[in-house]
Structure formats: C-alpha cells, structure tokens
Participant: 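One structure, as structure tokens, below. Some questions next.
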Amino acid sequence: MKKLFIIVTLSFSTLLASAQEYTSRPSESSMKISGTSTLHDWESKVETFTATARMQGETIQSAAFKATVNSIKSGSSAMDSNTYKAMNESQFPNIEFTSGPLPYTGPSLPVKGSLTIAGATRKVEFKAVLAQWSEESITIKASYQLKMSDYGIEPPRAMMGAIRTGDDVTISFDITLYRK
C-alpha cells in the first residue's frame, strides 16, 4: 500500500511539474472591439485569432495571442476599410500579445504583457477572470481599454471628417483554450 501511495504521489508530482500546452479553438472563443463615434457607438468582431498558453502547475508560464487585422469585421465594408487603413494593415497585418508568468490568484488573474498594434508595442496590465479551469481546458474572459493614439493610430474619420471615431476602444474576449 505504501508503494502504491509513493507511485501515485510521484506520478501526480511529475504531472504538475511538466508544462502543459493549451491552444484556443476558434469555434469556442470570441473577441470584439468596441468604441464610439460622433454618429453612434460601434462594435467589430475579430474573426481570425489564436491564443496559446503554457501551464506549469497552477501558473500560466506564458501566454500569447495573435489576431489578423483584416479579420476585424463591423458589418460595414466602408468602416472595415477605414479600420485597416488606420491600422496600416498592409505593413502590420497582425495584433499580437505576449506575457510571461501569470500566477493564479483565484478567479481573478492579473495579466501583464506586451501588446503590439500597428507596429507599436506597449506594456499592458489588466484583470482577467478565469471562468473555468480544468486539466483539459481553461476559459479566460477580460476586457481592456486603450487609446488608439497610444499605438500611433489616428482614429478613423468618414464623410470628410464629419464622422469621427473616438480615441478610446475596448477589446473584449472570451477565450477557451484546450490542452494539446
């Protein structure tokens, strides 16, 4: 019996000590960008993105996110075109986020990392919520407010400047990652 206990304990310790890779499934995750304009509030969905995390025990050792700029869709091709132009999509086709270790502190997860948009990288901090955490999957929800001008993006305008987008935007996501 003692040998069985030692074997189980060592096996469990080995499982906790080895890093586990997790990746998102697009069909079970969502991301949107929302903001204001002089005409109305707006919202765009990000249709193409991937997220990954590397877990060791109860700590997320690293996390990464990559979204394709030309997959940001508002439902208006004119608005989408203005968005891509403002973000210089031809030169910077992706939005990227990376982080180092993120210690688990209960349902709230303090997130620190680097966010790159339109070729400009800024350090960011925000709180995420671990909506679900199991050995097989992790669901993380959060929103983060930023200023487009902090990333060198001039807020888009339309109709010769009569319609202006506000500088503040909010990125919201609900991402489920599955163990590989």
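Keep in mind that this is a model prediction, so the values were computed, not measured. Only this structure's heavy atoms are used, side chains among them; waters, hydrogens and symmetry mates stay out.
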Participant: Applying ring-ring contact (aromatic ring centres under 6.0 Å, His included) between Y144 and each of F173, F65, F126, F97, report the one that passes.
Facilitator: F126
Participant: Would Y151 and L115 count as a side-chain contact (heavy atoms from CB on, under 4.5 Å) if you check the C-alpha gap in whole Å, the side-chain angles of each, and the deciding distance to 0.1 Å?
Facilitator: CA-CA 10 Å; Y151 292 86; L115 180 62; 3.5 Å; yes
Participant: Is V111 reachable from I60 through a run of hydrophobic residues whose side-chain heavy atoms are each under 4.5 Å from the next?
Facilitator: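 Linked, I60 and V111 end up in one cluster.
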Participant: If you take all heavy atoms of S29 and I175, which pair is closest and at what distance?
Facilitator: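 Where S29 meets I175 most closely, the heavy atoms are OG-CA, 3.5 Å.
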Participant: For M87 versus A118, what's the shortest heavy-atom pair and its separation?
Facilitator: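 Smallest interatomic distance, heavy atoms only, reads O-CB, 3.5 Å.
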Participant: My understanding is that only residues two or more places apart in sequence, or in another chain, count here; which of them pass salt bridge (charged side-chain N to carboxylate O under 4.0 Å, His left out) with D167?
Facilitator: none
Participant: Is it true that a side-chain atom of S37 and a backbone atom of H40 form a donor plus acceptor pair closer than 3.5 Å?
Facilitator: yes
Participant: If you look at every heavy atom in E135 and Y22, which pair is closest and at what distance?
Facilitator: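 That would be O-OH, 2.8 Å.
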Participant: Of all the heavy-atom pairs spanning A128 and I140, show the shortest one and how long it is.
Facilitator: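 Taking every non-hydrogen atom into account, CB-CG2, 3.7 Å.
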Participant: Hey, could you give me the CZ/CD distance between R54 and Q20, rounded to the nearest 0.5 Å?
Facilitator: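 R54 atom CZ to Q20 atom CD measures 9.0 Å (nearest 0.5 Å).
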Participant: Within a reach of under 6.0 Å around NZ of K73, are more than 12 heavy atoms found that belong to other residues, nucleotides or ligands?
Facilitator: yes
Participant: Within the distance-only criterion (no hydrogens, no angle test), does the side chain of T68 pair as donor or acceptor with the backbone N or O of S71 below 3.5 angstrom?
Facilitator: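 Looks like no, no N/O pair under 3.5 Å.
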Participant: In terms of hydrophobic clustering (I, L, V, M, F, W, Y; side-chain heavy atoms under 4.5 Å; direct or indirect links), are M31 and Y84 co-clustered?
Facilitator: yes
Participant: Side chains of T23 and T52: any donor to acceptor distance under 3.5 Å?
Facilitator: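 No pair is found: no donor N or O on one side chain lies under 3.5 Å from an acceptor on the other.
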Participant: Which heavy atom in A142 sits nearest to a heavy atom in K127, and how many Å separate them?
Facilitator: CB-O, 3.7 Å
Participant: Any chance you could lay out the side-chain contact (heavy atoms from CB on, under 4.5 Å) test for I72 and I95, step after step, and finish with the verdict?
Facilitator: CA-CA 11 Å; I72 299 171; I95 297 169; 4.1 Å; yes
Participant: Determine whether I33 and T83 satisfy the following criterion, side-chain contact (heavy atoms from CB on, under 4.5 Å), listing intermediate values before the conclusion.
Facilitator: CA-CA 11 Å; I33 303 170; T83 298; over 6 Å; no
Participant: So, D80 versus S74: side-chain donor-acceptor pair below 3.5 Å or not?
Facilitator: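 Side chains of D80 and S74: pair found under 3.5 Å.
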Participant: When rounded to the nearest 0.5 angstrom, what is the spacing between CD in E154 and CZ in R164?
Facilitator: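 So the CD of E154 and the CZ of R164 are separated by 11.0 Å.
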Participant: Go through the structure and list residues passing salt bridge (charged side-chain N to carboxylate O under 4.0 Å, His left out) with K112, not counting sequence neighbours.
Facilitator: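 Counting only residues at least two positions away or on another chain, K112 forms no salt bridge (charged side-chain N to carboxylate O under 4.0 Å, His left out).
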Participant: So P156 and M79, do their side chains get closer than 4.5 Å, heavy atoms only?
Facilitator: no
Participant: Looking only at heavy atoms, what is the nearest atom pair of E28 and T176, with distance?
Facilitator: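 Minimum heavy-atom separation between E28 and T176: O-OG1, 3.6 Å.
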Participant: Has S114 got a side-chain atom pairing as donor or acceptor with T98's backbone, closer than 3.5 angstrom?
Facilitator: no
Participant: Could you tell me whether the side chain of L130 reaches within less than 4.5 Å of the side chain of I138, counting heavy atoms only?
Facilitator: yes
Participant: Any chance you could lay out the side-chain contact (heavy atoms from CB on, under 4.5 Å) test for I153 and I117, step after step, and finish with the verdict?
Facilitator: CA-CA 9 Å; I153 300 170; I117 303 173; 3.6 Å; yes
Participant: Report yes or no: do L102 and V129 belong to one cluster of Ile/Leu/Val/Met/Phe/Trp/Tyr joined by side chain heavy-atom distances under 4.5 Å?
Facilitator: no
Participant: Just verifying a value: how many Å separate K141 NZ and S30 OG, rounded to the nearest 0.5 Å?
Facilitator: 8.5 Å
Participant: When rounded to the nearest 0.5 angstrom, what is the spacing between CG in N70 and CG in N94?
Facilitator: 9.0 Å
Participant: Do Q132 and S134 get their side chains close enough for a donor-acceptor pair, meaning under 3.5 Å?
Facilitator: yes
Participant: Please check if atom CD in E47 has more than 12 non-hydrogen atoms from other residues, nucleotides or ligands closer than 6.0 Å.
Facilitator: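 Yes - once you tally the heavy atoms of other residues, nucleotides and ligands closer than 6.0 Å, there are more than 12.
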